[in-house]
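Just dropping this structure here.
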Amino acid sequence: MFFFDPLWLLFAIPGLLLGIWAQVKLSHAYRKYSRVPVESGMTGAEAAREILDQAGLNNVPVAEIPGRLSDHYDPAKRALFLSSDNYHGRTVAAVGVAAHESGHALQHQAAYALFNFRMAIVPITQFSSMAYAGIFFAGFIFRTLFAKFILIAIALFAVTTLFQLVTLPVEFDASSRAKAQLFRLGLVREDERAGVSKVLDAAALTYVAALVSSVMQLLYLLTMSRRN
Ligand SMILES: [Zn+2]
């Protein structure tokens, strides 16, 4: 059976381990710095508001959404969404995450090429991952069918991998824009910088893990196609 191919496991393990490690690291960093209050006394929402306003993005609203670490910038709505903890939190973690999401709004405003490219390939990525799941499922039932469509499966999965590859520099850039603004506007103090970096670097590591998983899965599919 396709799922129990030991070779698949061999390819899946590195990404899986890295993913678990990244989640543990993020969880630790986030928990630790969610207990460290910022000297400025600002909430994540206030810090985001300040960064956006200073960049002339007064028209980008900052809204609260449920969920843990569900924070994101929505380019279609041109709005920033912060999880309740980060919206109300007056901590290093809350302000750091809020600034990171503001960083995406700044990328959008600056028409940062990779941000635009990533946004442009969202629909095709969604289609590809759905179609890939369909082929994968069909292959689970009829193994020979998967062999027949393996080149299509590879092409579809390559789109997902490309998306994750582009995501990486976009995420790192959002964090560096965030840190630059936090320090320039005096929203965090010198000794709070390390905490912000630790939370944002740990978050970035989860994207690295996702990319590694995808690349390994793609390599596995390529190995399978050579075998056939
Ligand atoms: Zn981000």
Side-chain angles (χ1 to χ4, degrees), residues 18-19 22-23 25-31 33-34 43-52 54-55 57 60-87 89 91-123 125-126 129 160-185 187-188 193 195-214:
L18 190 63
Q23 279 303 330
K25 221 170 130 68
L26 174 59
S27 204
H28 276 205
Y30 185 71
R31 201 182 318 140
Y33 290 100
S34 286
T43 62
E46 286 165 352
R49 188 70 271 151
E50 180 71 12
I51 292 172
L52 294 172
Q54 289 291 331
L57 292 172
V60 173
V62 179
E64 181 182 353
I65 45 158
R68 189 177 174 272
L69 287 177
S70 48
D71 313 73
H72 67 278
Y73 169 69
D74 186 332
K77 291 180 186 154
R78 287 185 185 267
L80 210 143
F81 295 93
L82 299 177
S83 60
S84 302
D85 286 348
N86 294 330
Y87 189 94
T91 65
V92 170
V95 167
V97 172
H100 170 92
E101 299 310 333
S102 310
H104 286 304
L106 298 180
Q107 289 175 330
H108 197 185
Q109 181 191 36
Y112 173 54
L114 287 174
F115 179 85
N116 283 350
F117 179 66
R118 183 180 183 272
M119 197 163 62
I121 63 170
V122 165
T125 304
Q126 282 168 344
S129 57
T160 303
T161 310
L162 173 71
F163 182 76
Q164 280 166 342
L165 183 68
V166 177
T167 296
L168 219 54
V170 170
E171 291 303 325
F172 281 113
D173 179 82
S175 287
S176 77
R177 283 175 202 255
K179 282 184 256 181
Q181 294 313 307
L182 284 177
F183 308 146
R184 190 177 73 86
L185 302 173
L187 302 176
V188 299
R193 293 184 182 203
V196 169
S197 290
K198 277 194 179 135
V199 173
L200 297 185
D201 290 351
L205 196 63
T206 62
Y207 293 103
V208 175
L211 177 63
V212 169
S213 283
S214 272

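When a ligand or atom number is given, it counts from 1 through the structure's own listing order. All values below were derived from every heavy atom in this structure, side-chain atoms included, with hydrogens, water molecules and symmetry-related copies excluded.
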Practice problem: Answer yes or no as to whether an N/O/S atom of His72 is found below 2.8 Å from the Zn ion (ligand 1). | Solution: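 Checking His72: none of its N, O or S atoms is under 2.8 Å.
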
Quiz prompt | Qualifying residue, where the test is side chain to side chain contact (heavy atoms under 4.5 Å, CB included) with Tyr207 and the options are Val212, Leu165, Thr167 | solution =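 When side chain to side chain contact (heavy atoms under 4.5 Å, CB included) is applied between Tyr207 and each of Val212, Leu165, Thr167, only Thr167 qualifies.
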
Quiz item: Looking only at atom types and distance, does a side-chain atom of Gln107 sit under 3.5 Å from a main-chain N or O of Val170, one as donor and one as acceptor?
Solution: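 Yes, because the side chain of Gln107 sits within donor-acceptor range (under 3.5 Å) of the backbone of Val170.
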
Practice problem: Please check if the side chain of Thr206 supplies one atom and the backbone of Ala203 the other of a donor-acceptor pair under 3.5 Å. | Solution: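 Yes; judged by distance alone, with no hydrogens or angles, the pair exists.
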
Exercise. Examine distances only and state if a side-chain atom of Gln109 and a backbone atom of Ala55 form a donor-acceptor pair shorter than 3.5 Å.
Key: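 Here the side-chain-to-backbone pair exists.
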
Quiz item: By atom name, which N, O or S atom of His100 is the nearest to the Zn ion (ligand 1)?
Solution: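 The Zn ion (ligand 1) is closest to the His100 atom NE2, counting only N, O or S.
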
Quiz item: Within the stated cut-off of 2.8 Å, is an N/O/S atom of Glu171 closer than that to the Zn ion (ligand 1)?
Solution: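 True for Glu171.
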
